[in-house]
Amino acid sequence: MLIAVGQINTTVGDMRGNTEKMAEFANRGYQRGAQLIVFPELAICGYPPRDLVQCNGFPEDNQHWLTELACRLPPDLTAIVGYVKRSPHACGKPFANAGAVLTNGKLRYSQAKILLPTYDVFDEQRNFEPGGLPAIFHVGEKRVGLTICEDCWNDKYFWERRLYPRDPVEEIATAHPDIIINISASPYAFGKRAFRLKMLQAITHRYRVPVIFANMVGGNDSLIFDGSSLALNRSGEICAQAKPFEEDLIFFDIDQCTKDIHPQPESEIEAIFEALVLGTRDYCGKCGFERAIIGLSGGIDSSIVAVIAARALGPQNVIGVAMPGPFSSEGSLRDARQLAQKLELRFEVVPITDEFETFRKALKPVFRELPEDVTEENLQARIRGTILMAISNKYRAIVLTTGNKSELATGYCTLYGDMVGGLAVIADIYKTMVYDLARWVNRNGEVIPHACLDKPPSAELRPNQTDQDSLPPYDILDQILSDYIEENARAEEIVMKRNLSPDLVRDVIRRVNQNEYKRQQAAPNLKVTPKAFGVGRVFPIAQKYWL
């Protein structure tokens, strides 16, 4: 039996568009001889729908477009597709995250997701009721077991600590299926593609059954879905694998392991870059923005954001704006201009020195004899933010912020200044990784000026300023931040692990905790690490528990 996997990019709420896309993929699969095509989790409505499911008529609309898809399938082609359905139970949540089996114009079987995650970026128990016992259904002579995303993530032999008492895969395996299919909306994170493969291979090894993993691709808000759909034979060998970060169609013959493996990233840094491009393109496109504005400072952060934006939207749709102030160096303006020329971006220069002096003069009676301090530094950032938003309004373009995760973690950023914008492209990328990305971009020749990589990073808000005047060196800072944010390590653990000064570690942790209020006012960021600020790390603003 030949099985197709339709790795599609859905838009949340666009049920018509999502259905039309699946019908087109189904026809392509049928023309290649597929008897079954598999689509991702909640493919009808897009993932994650969040509280849209509570809108009157939302599950009924899911059912309508599911029926429409069933009627548009080619004859003798069965499709598996995720959708929201009403729960049949009298108590509990009124909705279910379900997978439908469609054939000959009808809904033949439906299985609700059993394990509903409530960690990291997930909150499915908020709206969904878990499913009951899974069943086996037939496609031709083959016995098929269906799981939905998290249902495969609870193997007691694989996980040191399980989150749920049930294991749907184990329950399905008792019925001796010929194949287990997992429809997913599994977001990307650094290293996750390799981890997923290892986890799915453990299932094939334990139960000696082929596994198909059909994952969503595309960006929806902060989440980026890499796709990376694959098919494994009963020995765990990859027989088919979709290209990540774009739509794809792959084929797997359950009886013969004919290879259908599409190109994969050569490194994790390349995967991160492709994820950020996809996330930027989809966030802008699905929110209705065709153009983007970037404040080009001549630094490494704005440079990498400009490269990503040019790739995502096309250089003709990106405006780079340099805003030199009283402490900006000639080299920074030169580097910004050189980058814009290399990327073929529209480049504008809007000096802010006169505006800065006007503000200082206006505020002088209020500040009286108080010495100048960070207030005046932040004032420059806020003038720049105002200019960017004005250009954004005039050209109906989105401002892409350029701050990185190291800065956002420690509060080394200015509210209503360099934090203004509609999307924080690299806010889940530590500074050291920004440099790794820049070196990867320059791997075949200079795109980002070498001076951006070589000069000490600086906000240029006072004479001879560098970031290290206020922060530890980034190679040290990022180690502390990674331990504290990703691993939830205590200060004492980090001190011992990294052999660092206790005062230094505690100061970094203090900065992280004191600046939660800034992060909760920041633009949405694109999640590419296991623990991103925003929906993936929900901390109170007013709190006194500091690890």
Side-chain angles (χ1 to χ4, degrees), residues 5 7-9 40 47 120-121 149 153 184-201 213-232 238 240-250 260-284 300-301 303-313 400 404-406 423-444 447-448 478 482 485-486 525-533 536:
V5 177
Q7 179 174 288
I8 61 171
N9 186 339
Y47 188 95
D120 192 37
V121 300
C149 204
W153 292 67
S184 279
S186 179
Y188 172 76
F190 181 87
K192 193 172 182 181
R193 295 173 63 250
F195 182 83
R196 276 200 220 108
L197 173 60
K198 183 179 179 181
M199 182 193 70
L200 294 169
Q201 286 176 325
F213 168 71
N215 195 28
M216 184 175 292
V217 70
N220 282 324
D221 293 351
S222 292
L223 301 184
I224 303 166
F225 300 91
D226 56 290
S228 304
S229 302
L230 51 82
L232 306 174
I238 299 175
Q241 188 168 22
K243 188 174 182 180
F245 307 113
E246 63 182 65
E247 292 187 324
D248 206 357
L249 182 66
I250 57 173
D260 188 20
I261 299 173
H262 297 186
Q264 304 295 306
E266 295 181 358
S267 67
E268 198 64 44
I269 287 296
E270 180 182 359
I272 291 171
F273 181 83
E274 295 297 337
L276 294 173
V277 168
L278 175 61
T280 301
R281 179 186 299 125
D282 276 3
Y283 187 90
C284 293
I300 192 71
D301 296 320
S303 297
I304 198 69
V305 172
V307 172
I308 292 167
R311 168 79 179 279
L313 306 177
L400 302 179
N404 60 66
K405 191 172 185 176
S406 307
L423 180 67
V425 176
I426 59 169
D428 196 32
I429 300 288
Y430 291 115
K431 185 77 168 188
T432 48
M433 190 176 288
V434 173
Y435 280 99
D436 292 340
L437 283 169
R439 284 187 283 268
W440 181 84
V441 167
N442 283 357
R443 67 197 182 283
N444 295 322
V447 177
I448 297 173
D478 288 353
S482 178
I485 296 167
E486 266 77 44
N525 62 51
L526 297 177
K527 182 184 186 300
V528 293
T529 71
K531 186 64 67 175
F533 293 126

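Position 1 is the first residue of the sequence; numbering continues from there. None of the values given here were measured: they were computed from a predicted structure.
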Minimum-distance pair of heavy atoms, taken over all atoms of [X] and [Y]:
{"X": "Arg281", "Y": "Leu313", "result": "CA-CD2, 4.3 Å"}
{"X": "Ile238", "Y": "Ile261", "result": "O-CD1, 3.7 Å"}
{"X": "Gln264", "Y": "His262", "result": "NE2-O, 2.8 Å"}
{"X": "Phe245", "Y": "Pro265", "result": "CE1-CG, 4.5 Å"}
{"X": "Asp478", "Y": "Ser406", "result": "OD1-OG, 2.6 Å"}
{"X": "Gly227", "Y": "Phe213", "result": "O-CE2, 3.9 Å"}

I need the [X] [atom1] to [Y] [atom2] distance, nearest 0.5 Å.
{"X": "Asp221", "Y": "Leu526", "atom1": "CG", "atom2": "CG", "result": "10.0 Å"}
{"X": "Tyr435", "Y": "Ile300", "atom1": "OH", "atom2": "CD1", "result": "6.0 Å"}
{"X": "Asp260", "Y": "Asp248", "atom1": "CG", "atom2": "CG", "result": "8.0 Å"}
{"X": "Lys431", "Y": "Asn404", "atom1": "NZ", "atom2": "CG", "result": "5.0 Å"}
{"X": "Asn442", "Y": "Leu437", "atom1": "CG", "atom2": "CG", "result": "11.5 Å"}
{"X": "Ile426", "Y": "Ile308", "atom1": "CD1", "atom2": "CD1", "result": "7.0 Å"}

Taking side-chain contact (heavy atoms from CB on, under 4.5 Å) as the test, write out the residues that go with [X], two or more places apart.
{"X": "Phe190", "result": "Glu268, Ile272, Met433"}
{"X": "Lys192", "result": "Trp153, Ser186, Pro187, Ala189, Arg196"}
{"X": "Asp436", "result": "Ile269, Arg439"}
{"X": "Asp282", "result": "Asn9, Leu278, Lys286"}

**Prompt:** Among all residues two or more places apart in sequence or in another chain, which pass the side chain to side chain donor-acceptor pair (under 3.5 Å) test with Ser229?
**Reply:**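 Expected list: Gln7.
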**Request:** Using side chain to side chain donor-acceptor pair (under 3.5 Å) as the criterion, list what pairs up with Lys527, not counting sequence neighbours.
**Result:** none
**Asked** Taking the six-membered ring for Trp, are Phe273 and Trp440 parallel (under 30°), tilted (30 to 60°) or perpendicular (over 60°)?
**Response** tilted
**Message:** Show, in sequence, the C-alpha distance, side-chain angles and deciding distance for Ser222 and Val121, and conclude whether the side chain to side chain contact (heavy atoms under 4.5 Å, CB included) test is met.
**Reply:** CA-CA 9 Å; Ser222 292; Val121 300; over 6 Å; no
**Request:** Please tell me if the side chains of Tyr283 and Val425 come closer than 4.5 Å, counting only heavy atoms from C-beta onward.
**Result:**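 They are not in contact (no side-chain heavy atoms under 4.5 Å apart), so the answer is no.
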**Asked** Are side-chain heavy atoms of Arg193 and Pro244 found at a separation under 4.5 Å?
**Response** yes
**Request:** Would you check, one step at a time, whether the test side chain to side chain contact (heavy atoms under 4.5 Å, CB included) holds for Ile304 with Leu276?
**Result:** CA-CA 10 Å; Ile304 198 69; Leu276 294 173; over 6 Å; no
**Message:** Determine whether Val5 and Asn215 satisfy the following criterion, side chain to side chain contact (heavy atoms under 4.5 Å, CB included), listing intermediate values before the conclusion.
**Reply:** CA-CA 9 Å; Val5 177; Asn215 195 28; over 6 Å; no
**Electrostatic pair Glu486:Lys405 at N-O distance under 4.0 angstrom** = yes
**Asked** So Val217 and Asp226, side chain to side chain contact (heavy atoms under 4.5 Å, CB included) or not? Walk me through it.
**Response** CA-CA 5 Å; Val217 70; Asp226 56 290; 5.9 Å; no
**Prompt:** Does a donor on one side chain and an acceptor on the other come within less than 3.5 Å for Thr529 and Asp428?
**Reply:** yes
